[in-house]
Amino acid sequence: MQIEFYGRIAASFGGAAQVEIPEAGLPVSGLKALLASRFNVDAVLHRAVRAAVNNEFVPESHVIRPGDTVEFLSPVSGG
Amino acid sequence: MTCEIPGRCVHAELATSAIDVAARLEELRLSAPDHGAVVSFQGTVRSLTKQGEPLEQLVLDHHPRMTLVSLQRIAEAGLRRFEVSAVSVVHRCGAMTPGEVIVLVGVASDHRREAFLAADYLMDRLKTEAVFWKRELGPFGERWIEPTERDTMDRERWNEEDAGN
């Protein structure tokens, strides 16, 4: 699964990362832990770094399935 | 400007180059013949950082799909929440220099009070929920700008008012 990153967190992953997740899926918190250990980036564990699945923000408990479009976004700020 | 019904109009736009403020406000004013009030707010790029250093550029990164949707949702929420007849939100992305307009919010209504309130609400939501990432560039290098505690408190004011209703 290809995961994309936006905002400050993107620099730590070069914009995107490739990981395999189980068929049964993985909660956002589990995927964060996997990314943190695989790429040695603890910043992704921060609660302020939010997951978007299929272009909608989801909570840490949301279960990601293979085939989802998954992105991690640093805190947003407009205006 | 899209009007679902006459007198309920909304416009949300992600601008990749300088915002034509006069043209956008004219569209807002003309969206209904009987507005008694048009209120607008422009956010502009400052020439100094919070630390007092000269700012050369402000860069707003955006998401290819979620950014415009966030602007549309915020604009529509402003139209729904207040007794106003038209809302216009135009937000820049990309690299900007000091003095340039980052965001334009315009609200038209029968009476000024609701228009001022709606503009204030729209800006508080844009500061904390519009899907952008800001970077300052200058002699100091590059620095990410994230929402401040003040921005979050400003946004939460509207939740408290909801709870009281």
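Per chain, numbering begins at 1; letters A, B, ... match sequence-line order.
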Quiz item: When rounded to the nearest 0.5 angstrom, what distance separates CG in B:Asp61 from OG in A:Ser74?
Solution: 10.5 Å
Practice problem: Would you give the length of the straight line joining atom OG1 of A:Thr69 to atom CZ of B:Arg65, rounded to the nearest 0.5 angstrom? | Solution: 7.0 Å
Which pair of non-hydrogen atoms, one from [X] and one from [Y], has the smallest distance, and what is that distance?
{"X": "A:Asn55", "Y": "B:Met66", "value": "O-CG, 3.5 Å"}
{"X": "B:Val131", "Y": "A:Leu73", "value": "CG1-CD2, 4.2 Å"}
{"X": "B:Lys134", "Y": "A:Gly78", "value": "NZ-O, 3.2 Å"}
{"X": "A:Gly79", "Y": "B:Val103", "value": "CA-CG1, 3.8 Å"}

Quiz prompt | chain A contact via B:Arg143 - which portion, at a heavy-atom distance below 4.5 Å | solution = neither
Quiz item: Tell me, side chain or backbone of B:Ile145 under 4.5 Å from chain A's heavy atoms, or both, or neither?
Solution: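 When you check distances to chain A, only backbone atoms of B:Ile145 fall under 4.5 Å.
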Quiz item: According to the interplanar angle, ranging from 0 to 90°, do the rings of A:Tyr6 and B:Trp133 count as parallel (below 30°), tilted (30 to 60°) or perpendicular (above 60°)?
Solution: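 Plane angle under 30°, so parallel.
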Exercise. Check whether A:Glu71 gets within reach of chain B through its side chain, its backbone, both or neither, counting any heavy atom under 4.5 Å.
Key: side chain
Quiz prompt | salt bridge (charged side-chain N to carboxylate O under 4.0 Å, His left out) evaluation trace for B:Arg73 with A:Glu56 | solution = CA-CA 12 Å; B:Arg73 286 178 179 170; A:Glu56 293 288 346; 2.6 Å; yes
Exercise. Decide if atom CD of A:Gln18 counts as having more than 12 heavy atoms of other residues, nucleotides or ligands within a radius under 6.0 Å.
Key: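 Yes, the 6.0 Å shell around CD holds more than 12 heavy atoms from other groups.
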Quiz item: Under 4.5 Å between any side-chain heavy atoms of A:Arg8 and B:Arg135, yes or no?
Solution: no
